[in-house]
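A short worksheet on the structure shown next.
Computed over heavy atoms, backbone and side chain alike; hydrogens, waters and symmetry mates excluded.
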Amino acid sequence: MQAKPSAQDAPEKKPSGRRRRRVLIGCGGLAVTALLLLGGGAYLLQNAYDDGVKRIAGAMPERSGRPASTGRGENWLLIGSDRRSDMPSMGARSDTVMLVHLSGRDGRVSVIAIPRDSWVTIPGHGGGKVNAAFSYGGPKLLIRTVEKLSGVRVDHYASLDFGGFVKMTDALGGVDVTVAKRTYDPMHNRTWPAGHQHLDGTEALDFVRQRWNLPGGDLDRIKRQQAFLHALADKALDTRNPLKIDRFIRAATHSVTVDDSVTSGTLRGLAARLLKTPLLEYLTAPVDRFASRHGQSVVLLDGAADGELFADVRNDRVGDFVARNGAANTVGTVR
C-alpha cells in the first residue's frame, strides 16, 4: 500500500508548539542557488548567456492596492515548477513558492518557503491553496496573493523549471547526496538505497520530485530539493572544465524566467550580492496544522508566528526571528 504525505494522512492534527514554531530549511535554496549560478555566469562572462533568460511582460501587479515599499532591502518571489510556463495553462500550478529577502542592513539573504498547500486568501477567488493562485492568474495573481498574506512588497519575480535539472546535472557529470533510509518511490518506480548516492540528471529529477512514501511528504521533499541544490552548487563551483561550465550555464539560463524589469545588470548585481553575502539562510513559513477544506488536504499557517516573521521581513530583521526560534535543519543526510 502506498504511504501518503502527512498533510493528507493527518487532517486537523495539531503539531507540537516546538514543531509549529520551528525554523526549517526551505526549498527556496532551489531557486536562489540557480539564480546565483545564472547571475554568476552572466557576471563573469558579461552578456554571453543573457539571451537564454526568458522574460515575462506584465508579470508584476499594478501599483494600486499593494503593500508600500519600506526601502529596507529587496524582495523576490521565486517559484519552482515541473514545467516552464509564463502564464497558467491547463491548470498549471507552482510546485514551490518562496519569498527571498535581501537585507539592506546586514547583507544576509533569507529564503522563506511558503508550503504549496497553504490555505490563503486569493484576491478575487476567496480561500484556496497558495499555488492555485498561479493557475487562476499567473505570476501577477500569485504575487498579489503572497503580498496579501505577508504584507511584504515583492520587487521581482523569477521561476525555475525543474526539468532543467537534467541537463544541469549531466553537464557536471552528476552530483552526490546521502539518503538516511531505504525508500521506494511508487510514482517513479524507483528505490533509493540508504547511504551515498551519485545522481545523473534523470535520477536527480526523480529525487527532487518524490513525496510519496516520505514520512513528511512535501516537507521532506523540500529537504531533498535543497540537499540536491547544495550538491549541485558545490559541484559547479568545483568544476574547472570550461566545456562543462559552458554547458551548465546554458542549461541554467534556459531554465529561468524572470519579470521584464530584470535586466542582465540586475542579475549581475544579484550574483555579486549573493557571492559576498555573510549568510544565506532558509526558513519555512510557520505551520499551525494540517486540515481539510472543501475536500482538499491543506496546510493551515500559524497566523501569529507568520505575522511575527513577515513583520521582521518588513523591518529587515529576519535574523531576530531566527534567533528567537532556533536553528535550521541540516541537509547533509535526507529521507
Side-chain angles (χ1 to χ4, degrees), residues 2-10 13 15 19 22-34 78-83 92-99 111-119 129-132 134 159-166 168-169 175-194 197 199 201-233 255 282-287 290 296-301 328-335:
Q2 298 178 6
K4 295 184 178 180
S6 58
Q8 298 184 12
D9 283 350
K13 183 177 180 180
R19 177 183 173 191
R22 193 176 186 182
V23 178
L24 301 173
I25 287 184
C27 58
L30 192 73
V32 168
T33 304
L78 309 178
I79 73 165
S81 179
D82 259 349
R83 56 178 169 179
R93 298 193 179 194
S94 53
D95 293 300
T96 60
V97 180
M98 67 270 335
L99 181 68
V111 182
I112 304 166
I114 301 173
R116 67 178 191 170
D117 289 340
S118 299
W119 190 258
K129 294 182 180 182
V130 67
N131 69 343
F134 185 83
S159 66
L160 173 67
D161 171 22
F162 288 0
F165 285 173
V166 175
M168 292 163 67
T169 303
V175 300
D176 302 307
V177 298
T178 302
V179 176
K181 185 178 180 180
R182 182 182 181 275
T183 304
Y184 174 64
D185 178 1
M187 295 299 292
H188 302 100
N189 191 28
R190 187 181 292 279
T191 298
W192 304 103
Q197 312 285 323
L199 309 179
T202 301
E203 291 167 337
L205 186 58
D206 288 348
F207 182 78
V208 301
R209 282 173 167 170
Q210 181 173 356
R211 64 188 177 95
W212 299 101
N213 277 350
L214 297 180
D218 283 338
L219 297 182
D220 282 338
R221 178 164 66 171
I222 283 172
K223 298 173 188 176
R224 281 190 169 211
Q225 290 170 347
Q226 176 155 34
F228 166 72
L229 258 296
H230 272 284
L232 186 70
S255 299
Y282 307 93
L283 304 84
T284 293
V287 170
F290 303 115
Q296 303 177 75
S297 297
V298 304
V299 171
L300 300 183
L301 298 176
N329 291 339
T330 60
V331 290
T333 300
V334 294
R335 290 170 169 166

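The minimum heavy-atom distance between Ala194 and Ala180, with the atom names listed, is CB-O, 3.8 Å. The two residues Pro115 and Ala113 make their nearest non-hydrogen contact at CD-O, 3.7 Å. In terms of heavy atoms, Leu199 sits closest to Thr169 at O-CG2, 3.5 Å. Ala227 and Val177 make their closest contact through O-CG1, 4.2 Å (heavy atoms, listed as atom of the first residue, atom of the second, distance). Between Val130 and Arg116, the shortest heavy-atom contact is CG1-O, 3.4 Å. The shortest non-hydrogen separation linking Val179 to Arg335 is CG1-C, 4.2 Å.
For the pair Thr96 (side chain) and Gly80 (backbone), a donor-acceptor distance under 3.5 Å is present. Using a distance-only test at 3.5 Å, with no hydrogens or angles considered, no donor-acceptor pair links the side chain of Arg211 to the main chain of Asp220.
Taking the side chain to side chain contact (heavy atoms under 4.5 Å, CB included) definition, one finds that Arg224 meets it with Thr183, Trp192, Phe207, Gln210, Leu214, Val334, sequence neighbours left out. Partners of Asp206 by salt bridge (charged side-chain N to carboxylate O under 4.0 Å, His left out), not counting sequence neighbours, listed by chain and number: Arg190.
Between the CD1 atom of Ile112 and the CE atom of Met98 there is a distance of 11.5 Å, given to the nearest 0.5 Å. The OG1 atom of Thr178 sits 8.0 Å away from the CD atom of Gln197 when rounded to the nearest 0.5 Å. Atom CG of Leu300 is separated from atom CG of Asp117 by 11.0 Å, given to the nearest 0.5 angstrom. In this structure, the separation between CE on Met168 and CG on Leu205 is 11.5 Å, given to the nearest 0.5 Å. Going from atom CG of Asp161 over to atom CD1 of Ile79 covers 10.0 Å, rounded to the nearest 0.5 Å.
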For this session: Could you please spell out the steps behind the side chain to side chain contact (heavy atoms under 4.5 Å, CB included) verdict for Phe290 and Val299?
Result: CA-CA 5 Å; Phe290 303 115; Val299 171; 3.8 Å; yes
